[in-house]
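Beneath this line is the structure, given in structure tokens, with notes to follow.
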Amino acid sequence: MGELMNTGLLNIASLAISVIVMVIGLVLWFFVNRASSRTDEQIELLEALLDQQKRQNALLRRLCEANEPEEKIAPKAPEQEVKEEDDDFIRLVAER
């Protein structure tokens, strides 16, 4: 009779352990699946953002090319350049 009770207890314990393992597995699966879904959403949002940035860069390039001045400014006379260089040198010398 005692052997039957021990066998019954082992079966119940085995069943309980199986149920606990299954519940833990389902909880882990839920969180992994949820994290995977969030990651997929983030990847989609990042790809959309990248596409918008590419379009903005292309538009900015077109705008910059359209606004470029047609004529370049004539270079300064050599005398003025020498004068400005002298002024810059004087500004660098510390006063006493």
Side-chain angles (χ1 to χ4, degrees):
M1 185 87 174
E3 291 177 3
L4 290 176
M5 287 184 98
N6 287 338
T7 307
L9 287 175
L10 288 175
N11 285 338
I12 292 173
S14 174
L15 182 62
I17 291 173
S18 297
V19 169
I20 290 171
V21 168
M22 187 173 73
V23 168
I24 291 172
L26 287 174
V27 168
L28 287 174
W29 174 81
F30 171 77
F31 284 110
V32 168
N33 190 26
R34 184 174 173 195
S36 176
S37 297
R38 283 186 179 176
T39 303
D40 290 341
E41 289 173 3
Q42 289 176 348
I43 289 172
E44 288 176 10
L45 290 173
L46 287 172
E47 287 175 348
L49 182 64
L50 179 64
D51 186 43
Q52 287 179 354
Q53 286 178 341
K54 285 181 180 179
R55 283 189 269 139
Q56 287 176 351
N57 285 341
L59 180 61
L60 184 61
R61 278 191 207 113
R62 282 189 280 159
L63 287 173
C64 289
E65 289 172 0
N67 289 333
E68 283 182 359
E70 305 244 344
E71 297 177 15
K72 294 189 177 182
I73 299 173
K76 296 180 181 179
E79 295 173 6
Q80 290 177 346
E81 289 180 8
V82 171
K83 212 176 208 184
E84 289 179 4
E85 289 176 8
D86 291 340
D87 290 342
D88 290 340
F89 181 72
I90 292 171
R91 288 184 195 151
L92 292 175
V93 176
E95 294 181 18
R96 293 185 183 186

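Quick note: numbers below take in every heavy atom, side chains included, and nothing from hydrogens, waters or symmetry partners.
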Show which residues join [X] in its hydrophobic cluster (side-chain heavy-atom contacts under 4.5 Å, direct or indirect), or state none.
X	answer
Leu49	none
Ile17	Val21
Ile24	Ile20, Leu28

Going from CD on Gln56 to CD on Gln53, what distance comes out if it is rounded to the nearest 0.5 angstrom?
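It is 7.0 Å, given to the nearest 0.5 Å.
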How long is the span from the CD atom in Glu65 to the CG atom in Leu60, to the nearest 0.5 Å?
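Reported value, rounded in 0.5 Å steps: 10.0 Å.
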Below 4.5 Å, heavy atoms only, C-beta onward: do Leu10 and Ser14 meet side chain to side chain?
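Leu10 does not reach Ser14 side chain to side chain.
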Set of residues satisfying side chain to side chain contact (heavy atoms under 4.5 Å, CB included) with respect to [X], sequence neighbours excluded:
X	value
Asn33	Trp29, Ser37
Ile43	Thr39, Glu47
Phe30	Arg34

Excluding sequence neighbours, so at least two apart, what forms side chain to side chain donor-acceptor pair (under 3.5 Å) with Asp51?
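So Asp51 forms a side chain to side chain donor-acceptor pair (under 3.5 Å) with Arg55.
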